[in-house]
Protein chains: 4
Amino acid sequence: MKKTKPKYRQIIDAAVVVIAENGYHQAQVSKIAKQAGVADGTIYLYFKNKEDILISLFQDKMGYFVEKIEEKIAGKEKAAEKLLMMVESHFRMLSEDRHLAIVTQLELRQSNKDLRHKINEVLKGYLALVERILADGRESGEFPADLDIRLARQMIFGTMDETVTTWVMNEQKYDLTALAEPVHKLLIGGCGKL
Amino acid sequence: MKKTKPKYRQIIDAAVVVIAENGYHQAQVSKIAKQAGVADGTIYLYFKNKEDILISLFQDKMGYFVEKIEEKIAGKEKAAEKLLMMVESHFRMLSEDRHLAIVTQLELRQSNKDLRHKINEVLKGYLALVERILADGRESGEFPADLDIRLARQMIFGTMDETVTTWVMNEQKYDLTALAEPVHKLLIGGCGKL
Amino acid sequence: MKKTKPKYRQIIDAAVVVIAENGYHQAQVSKIAKQAGVADGTIYLYFKNKEDILISLFQDKMGYFVEKIEEKIAGKEKAAEKLLMMVESHFRMLSEDRHLAIVTQLELRQSNKDLRHKINEVLKGYLALVERILADGRESGEFPADLDIRLARQMIFGTMDETVTTWVMNEQKYDLTALAEPVHKLLIGGCGKL
Amino acid sequence: MKKTKPKYRQIIDAAVVVIAENGYHQAQVSKIAKQAGVADGTIYLYFKNKEDILISLFQDKMGYFVEKIEEKIAGKEKAAEKLLMMVESHFRMLSEDRHLAIVTQLELRQSNKDLRHKINEVLKGYLALVERILADGRESGEFPADLDIRLARQMIFGTMDETVTTWVMNEQKYDLTALAEPVHKLLIGGCGKL
DNA sequence: TATGAATGAGCCTTCATTCAT
DNA sequence: GATGAATGAAGGCTCATTCAT
């Protein structure tokens with residue numbers, strides 16, 4: 001399996017660094033190859049084309065993301081707790097890998113519509129996880145019986161995404177992880193008064 | 001004033017159509033000129049360069065956006081009502097101009113970091129409007145005194161944006177406007193139970 | 001006659017200034033029109049096309065050049081004296097009009113081969129004057145009977161031209177007129193010893 | 001070293017031919033590539049940009065020029081002899097490569113001021129050689145002690161340049177090399193009588 | 001496997017000239 | 001005569017991908 005060979009990872013990791021530091025449009029294959037310490041042609045022994053590097057990168061990181069969050073959630077009983085774990089993990093993991101944060105929040109969105117659709121396919125795994133938490137909460141009576149799960153998922157993901165993007169656009173100047181708890185509170189209670 | 005001349009509008013409108021139908025990277029200046037019914041060179045009598053078309057397009061539409069929403073809000077007393085008007089207007093205006101929806105949600109985000117920052121400057125006018133509604137609600141006691149306005153704004157904008165993007169990615173198959181009311185309810189009350 | 005109308009001169013003079021200050025390739029017709037205080041289209045009432053401005057400019061200035069030199073020479077008897085007058089006048093006139101010096105020595109030479117041939121036609125009037133002085137000197141016995149007039153003309157013109165160009169390329173930092181006498185001495189006596 | 005690779009020379013040589021035959025402004029990169037038998041992109045593996053081809057071309061040819069002339073001069077003792085060798089070599093080398101003659105005398109001068117200054121830098125090597133001959137001659141007493149070397153250099157180079165340009169403008173119809181001896185005589189003795 | 005030299009398609013912008021007013 | 005808005009052709013350069021070694 002190619003995905004387990006060292007050069008596969010080398011190239012993925014190089015891509016993250018090169019895209020974060022140079023921007024999507026200045027991340028030429030030759031630059032990625034150089035950063036990875038391989039020849040340009042070698043890239044094509046591991047990836048179908050440039051787009052394939054980007055999708056693989058996203059799959060790879062997103063898979064790790066979902067996996068870690070599922071671990072965190074495993075022990076929790078309450079949906080609200082699970083949600084907090086998710087927001088915290090989401091913010092923390094991107095805080096800890098600033099290159100990755102730049103790539104996912106800014107650079108990868110510059111890709112064309114086609115690639116964006118493929119990235120969205122990968123994202124579905126994460127969105128499904130959000131929906132599962134919401135469905136659990138609804139079943140257990142913790143969330144309203146008439147909660148529109150799709151809309152609620154859009155609120156949750158949209159809010160987290162916007163919060164992270166704002167943080168990245170502000171050059172990651174403040175502590176993102178500290179926002180997990182207040183953001184969670186907003187998501188559960190809304191911005192209205194009780 | 002160039003911005004009031006008919007060709008200025010012609011070109012802006014042509015750009016929206018061409019970008020929506022062909023995608024950002026396939027929206028050549030010559031294609032926009034043809035759609036606008038002018039010569040390639042004429043574009044440069046009204047715009048500094050291709051990027052300037054995009055920024056002007058965004059300023060133009062966003063200005064109209066903010067203006068319309070402010071009109072709608074004007075008569076309302078309650079912050080919650082204002083918020084509903086905003087979500088409704090946001091969804092309705094993008095529903096009514098499907099080309100524009102594609103451009104703002106998908107295509108314009110493919111622009112490079114530089115252009116993205118300029119677009120963000122324009123966006124600030126809208127975000128300020130959201131924050132004004134929140135501040136009003138907090139002052140009137142309608143929203144909690146400890147509401148973090150910035151975070152709440154991120155929730156509101158993030159949720160609307162994600163909702164519209166999901167709708168566009170699903171090829172605008174369902175009625176976006178109908179989601180305004182339930183989305184508003186979510187934003188006010190959160191996804192938790194009372 | 002168009003050539004006597006005030007706008008004709010206005011445009012020629014504007015062209016000299018614009019070319020000297022902006023360079024040949026940055027001397028657009030619209031810039032010349034603006035400097036001349038006329039509309040772009042007006043240029044074409046007085047000149048066939050852009051090339052025609054340049055040729056006319058050169059004809060105009062060169063005509064004045066030859067005329068002035070002929071005046072200076074008129075009274076002189078000796079060919080060597082005439083030659084000195086010519087070198088002095090040549091250097092002085094270009095010293096006094098630095099814009100013109102830049103245009104003739106640097107900018108006009110960037111024109112294409114076609115225009116260069118036309119400029120050469122105009123130059124022939126000046127070259128003929130040089131040859132006349134040489135022929136006079138040969139006839140009067142002042143210069144050797146076997147003097148190759150064409151070659152001598154090339155030496156004289158080439159030397160003057162190179163001297164002026166070097167002066168312009170050195171940003172006209174030194175007194176060009178002061179070089180007339182030593183240059184004349186070199187042309188008459190060569191660089192060898194008597 | 002890129003400069004020793006065969007494609008480097010191929011492209012330089014192609015550029016000379018294409019520029020001579022089509023003129024500077026009609027010498028598109030694609031034309032040069034075609035003539036060189038390489039792809040357009042290959043040009044950019046060997047040259048930074050189009051201007052770099054021209055500068056390299058000039059450096060290359062001028063380097064060869066100076067080298068050849070220095071070889072010729074090496075054995076000579078008298079400055080006048082050296083000067084003759086130089087004029088002869090200069091005329092002969094341009095006679096033998098008519099394409100190159102057109103390029104150096106007409107086409108390369110159409111380049112913009114910036115490139116012109118770079119070309120001038122290269123030319124300095126040749127001008128220094130001329131000055132060295134003159135200085136030698138002055139030291140040895142062959143030339144007058146008060147000879148202004150800079151002016152004499154301007155006479156010599158200006159005369160040679162004008163002679164070659166006139167020959168090229170006359171479509172190289174006569175034997176340029178035959179002019180070396182009479183031109184040399186003029187330069188040494190001037191056009192005056194002993 | 002790995003290399004890296006070579007390929008070649010594709011587009012924004014300028015500016016001399018025209019012509020309706 | 002005078003205007004100036006409109007025209008439209010034309011080319012240098014980048015970079016993802018290939019393939020002979």
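The chains referred to below are lettered A, B, ... by the order of the sequence lines, with proteins before strands, and numbering in each begins at 1.
For E:dA9, the paired nucleotide is F:dT14, the pair qualifying as Watson-Crick or G-U wobble because both relevant distances are below 3.5 Å. Nucleotide E:dT21 forms a pair with F:dA2, judged by Watson-Crick or G-U wobble geometry with both contacts under 3.5 Å.
The shortest distance between the side-chain N/O atoms of B:Y44 and the OP1/OP2 oxygens of F:dA6 is not below 4.0 Å. The phosphate of E:dT14 (OP1 or OP2) has no side-chain N or O of C:Q26 nearer than 4.0 angstrom. In this structure, A:K5 reaches the E:dT1 phosphate: one of its side-chain N or O atoms is under 4.0 Å from OP1 or OP2. Within the 4.0 Å cut-off from OP1 or OP2 of E:dA5, not a single side-chain nitrogen or oxygen of D:Y46 is found. Within the 4.0 Å cut-off from OP1 or OP2 of E:dA6, not a single side-chain nitrogen or oxygen of D:T42 is found.
Across residues 51-61 of chain C, not one residue has a non-hydrogen atom less than 4.0 Å from an atom of DNA chain E.
Considering CZ of C:F58 and CG of C:L115, their distance stands at 9.5 Å, rounded to 0.5 Å. Put simply, CD on A:E107 and CZ on A:R109 are 11.0 Å apart, with the number rounded to the nearest 0.5 Å.
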(message) Run the salt bridge (Lys or Arg N to Asp or Glu O under 4.0 Å) test on D:K118 and D:E121 for me, step by step, so that the C-alpha distance in whole Å, both residues' side-chain angles and the decisive distance to 0.1 Å come before the verdict.
(response) CA-CA 5 Å; D:K118 286 178 184 166; D:E121 280 309 303; over 6 Å; no

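Side-chain atoms of A:D13 and A:Q35 form no donor-acceptor pair, as typed in the model, at a separation below 3.5 Å. Judged purely by distance below 3.5 Å, without hydrogens or angles, the side chains of A:N22 and A:Q28 never pair a donor atom with an acceptor atom.
Within the 4.0 angstrom heavy-atom criterion, no nucleotide atom of any strand lies near C:K34. Residue contacts for B:V29: at a heavy-atom cut-off of 4.0 Å it reaches a base atom on one of the strands shown. Across all strands, A:K7 comes closer than 4.0 Å only to sugar-phosphate atoms, never to a base (heavy-atom distances).
Remark on DNA chain E: of its neighbouring residues D:V38 and B:N49, the 5'-side contact belongs to D:V38, judged by nearest-heavy-atom nucleotide.
Distance alone, capped at 3.5 Å, is enough to place a donor-acceptor pair between the D:Q10 side chain and the D:A36 backbone.
Atom pair A:L45:CG and E:dT1:C1' shows a separation of 7 Å (rounding to whole Å applied). Rounded to an integer number of Å, the gap from CZ of A:F47 to P of E:dA2 is 13 Å. Rounded to whole angstrom, the span from the CD atom of D:Q28 across to the P atom of F:dC13 amounts to 13 Å.
Between C:Y8 and C:F47, the two ring planes are parallel [angle under 30°; tilted spans 30° to 60°].
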